Amino acid sequence: SEGITPKLFRKWVAKLSDDQVAAHYIRHVEGMTHEPYRMNVGHAVVKEFQHRSLKEILDSPVHALCGLAELREDALAPLGLNTVRDVGNWQCFLLARALCTLAGKEITETETQGEHRMNISNALRAEHVSKPLKHVLDLPLSAMSMFPEKGNP
């Protein structure tokens, strides 16, 4: 996207005073506000991490995340998952998230007459490649080829 046209921009700022233009520039271009941006992450992280910045949370151990707090601190370490950032960038998580998003948009083979089929064969073990995404969502983690076969909970 190339943004708004110069003509439209001039029309928009013509109604503003110089001070208003400067204030909009500072806020929208430089991203500065009088108050710091805040986000309530109380339902995403456990209590001891709720008042930390997002950057601090990213570098925190995985047990900072609600739902993973019950795990031993080193439970996910064999998978290379030591921090929240590791979990968020983990290829297996990203693939699972993509599958969840795409499953609702999948068109059945009868609707497409076999055309425009996506190939996710490199992401799934051979026995699961032909399954629809809606069924893939219910498979164990070990169905994904990059996940250890013994990695099922």
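Computed from a prediction, not measured in an experiment: that's the story for all the values here.
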Closest contact, heavy atoms only, [X] versus [Y]:
X	Y	result
Gly42	Gln50	O-NE2, 3.1 Å
Val84	Ala64	CG2-CB, 4.2 Å
Val46	Ala69	CG1-CB, 3.4 Å
Ala103	Leu137	CB-CD1, 3.5 Å
Ala77	Asn82	CB-OD1, 3.4 Å
Val129	Leu124	CG2-O, 4.0 Å

Kindly compute the distance separating [atom1] ([X]) from [atom2] ([Y]), expressed to the nearest 0.5 Å.
X	Y	atom1	atom2	result
Ser60	Lys55	OG	NZ	14.0 Å
Asp86	Leu58	CG	CG	10.0 Å
Trp90	Leu76	CH2	CG	7.0 Å
Arg97	Cys92	CZ	SG	14.0 Å

Strictly by salt bridge (charged side-chain N to carboxylate O under 4.0 Å, His left out), give each pair with a member in residues 58-67 just once, sequence neighbours left out.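 For residues 58-67, and leaving out neighbouring residues, the salt bridge (charged side-chain N to carboxylate O under 4.0 Å, His left out) pairs sorted by first residue read Asp59-Arg85.
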
Applying side-chain contact (heavy atoms from CB on, under 4.5 Å), can you list everything that pairs with Ala22, at least two apart in sequence or on another chain?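 Residues passing side-chain contact (heavy atoms from CB on, under 4.5 Å) with Ala22: none at all.
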
Minimum side-chain heavy-atom gap Cys66-Phe49 below 4.5 Å: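 Answer no - side chains too far apart.
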
Taking CD in Glu56 as the centre, count heavy atoms belonging to other residues, nucleotides or ligands within less than 6.0 Å. Is the count above 12?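 Enclosed: over 12 neighbouring heavy atoms sit under 6.0 Å from CD of Glu56.
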
Please name the residue in the list Met144, Lys131, Arg125, Glu127 that meets the side chain to side chain contact (heavy atoms under 4.5 Å, CB included) test with Leu139.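 Answer after filtering Met144, Lys131, Arg125, Glu127: Lys131.
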
How would you list, by chain and number, every residue that makes a salt bridge (Lys or Arg N to Asp or Glu O under 4.0 Å) with Arg52, sequence neighbours excluded?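 Checked Arg52 against salt bridge (Lys or Arg N to Asp or Glu O under 4.0 Å); zero matches.
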
